[in-house]
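Here is the structure we will look at, set down as structure tokens.
Order of listing sets the numbers, starting from 1, for every ligand and every atom in it.
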Amino acid sequence: MEQAQAPKKKIIFSGVQPTGIMTLGNYLGAIKNWVELQDDYHCVYCIVNQHAITIRQEPSALKKNTLEAYALMLACGIDPERSVTFIQSHVAAHSQLSWVLSCYTQFGELSRMTQFKDKSAKHADNINAGLFTYPVLMAADILLYQADLVPVGIDQKQHLELSRDIALRFNGLYGNVFTVPDGYFPKTGAKIMSLQDPTKKMSKSDENPNAFISILDAKDTIIKKCRRAITDSEAEVAYREGKDGINNLLSIYSAVTGKTIPEAEAEFSGKGYGDFKTAVGEAVADHLAPVREEFNRLMKAPDHLKDCYRQGAEAAERMARRTLEKVYKKIGFLPPM
Ligand code: ATP
Ligand code: LTN
């Protein structure tokens with residue numbers, strides 16, 4: 001009798017840049033979902049060091065940040081036995097597909113990307129071509145693995161839409177080559193705001209360390225940063241328009257405790273901002289404590305980390321090669337053999 005085949009698992013792809021220690025924003029907006037999705041999907045997770053050099057990086061810091069970002073990804077709960085975990089520059093197919101896709105992406109499309117506009121305003125002395133074509137490399141990352149879903153924060157929505165457009169355009173010309181990916185955004189925490197300017201997103205490359213909570217910050221540092229968070233001059237812990245700072249802290253509290261926003265509001269009704277901010281800091285620190293411990297343990301085992309990312313790159317390479325070969329064939333590149 002024929003055995004019933006288990007349905008093929010859908011594929012997830014996502015990446016994070018090694019531009020510094022990840023923040024609570026990266027964790028709640030992306031990594032926390034990466035961990036949860038491992039149960040039901042075939043997941044591929046990548047430290048995107050090639051994207052990081054679109055902003056000037058000091059070489060020794062980039063190397064250190066890459067290893068730390070990899071260790072931190074595992075410390076957050078990504079299991080290298082279950083998920084493919086690797087470093088982008090170890091798999092050449094990313095840059096190879098990126099070149100091809102850049103010939104199927106319009107100048108006008110890239111000019112509309114808000115991240116390009118923001119980053120070129122911030123780094124006016126280095127508006128390089130890589131910063132401009134950044135979203136094409138991101139599309140290559142995703143499309144190489146035939147990803148169905150891409151878990152990211154809301155700030156990446158526009159890039160993801162461009163990846164879909166590129167895939168659809170290519171498929172329209174050559175047949176069904178790429179899976180067209182969908183975004184996957186968290187219900188709470190899709191955009192965590194800066195603690196010092198709650199109209200701006202929390203970013204690990206912010207010059208002011210009080211603006212972000214790093215996943216590895218000590219408990220007292222986290223509490224101090226929350227207590228210093230910019231809020232309003234009212235004294236009501238309520239989620240409302242115009243209360244950006246409080247809304248942000250409520251979202252953070254809800255994401256780390258699993259309580260809903262109305263439950264959190266009820267818990268702090270009649271209490272002052274001081275009590276609320278301390279409670280947020282404590283909840284965040286308790287939530288992150290095991291990650292910090294596991295990170296310290298992993299960083300003491302560099303050989304183990306190397307084994308993990310080497311095996312990850314081999315597995316990624318096998319998946320990526322299949323897509324790249326198909327693309328090369330479709331567009332008419334003469335095979336070498
Ligand atoms: P940089 O400051 O170097 O630009 P970043 O902090 O924006 O970096 P990335 O490595 O570019 O971080 O992003 C990794 C993931 O984290 C992406 O999925 C992104 O959408 C998500 N992310 C980044 N910042 C936030 C935030 N403030 N809130 C929610 N998700 C976020
Ligand atoms: N651009 C993303 C990082 C990134 C990414 C990807 C995310 C690069 N390649 C592929 C998802 C899928 C960012 O967070 N700034």
For the rings on Phe132 and Phe107, is their centre-to-centre separation under 6.0 Å? yes
I want to confirm something. Looking only at heavy atoms, which of Gln50, Lys119, Met138 is nearest to atom 6 (C) of ligand 2? Met138
Is the His94-Tyr145 ring centre distance short of 6.0 angstrom? yes
Do Leu195 and Asn248 have side-chain heavy atoms sitting under 4.5 Å apart? yes
Any idea which part of Ile142 is under 4.0 Å from ligand 2, heavy-atom wise: side chain, backbone, both or neither? side chain
Lys/Arg N to Asp/Glu carboxylate O, Arg169 vs Glu109, below 4.0 Å: yes
Only heavy atoms of Gln17, strictly under 4.0 Å: list the atoms of ligand 2 that pass. 15 (N)
Counting only N and O atoms by type, is there a donor-acceptor contact under 3.5 Å from the side chain of Asn26 to the main-chain atoms of Thr23? yes
Numbered in order shown, the ligand 2 atoms found under 4.0 Å of a heavy atom of Val48 are 8 (C), 9 (N)
Can you list the ligand 2 atoms lying under 4.0 Å from a non-hydrogen atom of Phe13? 10 (C), 12 (C)
Check this for me, if you would: do Arg82 and Asp39 make a salt bridge, where the nitrogen-to-carboxylate-oxygen distance has to be below 4.0 angstrom? yes
Counting from 1 in the order shown, the ligand 2 atoms closer than 4.0 Å to a non-hydrogen atom of Val150 are 11 (C), 12 (C)
Just checking Phe170 against Tyr104, ring centres under 6.0 Å apart? yes
Are any of the side-chain heavy atoms of Ile223 and Arg227 separated by less than 4.5 Å? yes
Can you list the atoms of ligand 2 that are under 4.0 Å from a heavy atom of Val152? 7 (C), 11 (C)
Just by distance, do the side chain of Thr54 and the backbone of Leu131 share a donor-acceptor pair under 3.5 Å? no
Would Lys204 and Phe212 count as a cation-pi pair here, with the cationic atom under 6.0 angstrom from the ring centre and within 45° of the axis? no
Give me the residue, atom name and distance of the protein heavy atom closest to atom 9 (N) of ligand 2. Asp141 OD2, 2.7 Å
Say whether His159, considering both its backbone and side-chain N or O atoms, lies within less than 3.5 Å of an N or O atom on ligand 2. no
Got the closest protein heavy atom to atom 1 (N) of ligand 2, with its distance? Tyr134 OH, 2.7 Å
Is the gap between the ring centers of Tyr253 and Phe268 under 6.0 Å? yes
Identify the protein atoms, limited to N or O, that lie within less than 3.5 Å of an N or O atom of ligand 1, and list each pair with its distance to 0.1 Å.
unit_1	atom_1	unit_2	atom_2	d
ligand 1	2 (O)	Ser203	OG	2.4
ligand 1	2 (O)	Lys204	N	3.4
ligand 1	2 (O)	Ser205	N	3.2
ligand 1	2 (O)	Ser205	OG	2.7
ligand 1	3 (O)	Thr19	OG1	2.8
ligand 1	4 (O)	Lys119	NZ	2.5
ligand 1	6 (O)	Asn26	ND2	3.3
ligand 1	6 (O)	Lys204	N	3.3
ligand 1	7 (O)	Lys201	NZ	2.4
ligand 1	8 (O)	Lys204	NZ	3.1
ligand 1	10 (O)	Gln17	N	2.9
ligand 1	10 (O)	Lys204	NZ	2.9
ligand 1	11 (O)	Gln17	NE2	3.0
ligand 1	12 (O)	Asn26	ND2	3.0
ligand 1	12 (O)	Lys204	NZ	3.1
ligand 1	16 (O)	Asn26	ND2	3.1
ligand 1	18 (O)	Gly153	N	3.3
ligand 1	20 (O)	Gly153	N	2.8
ligand 1	20 (O)	Asp155	OD1	2.5
ligand 1	24 (N)	Lys201	NZ	3.3
ligand 1	27 (N)	Ile192	O	2.7
ligand 1	27 (N)	Met202	N	3.4
ligand 1	27 (N)	Met202	O	2.9
ligand 1	28 (N)	Ile192	N	2.8
ligand 1	30 (N)	Gly25	O	3.2

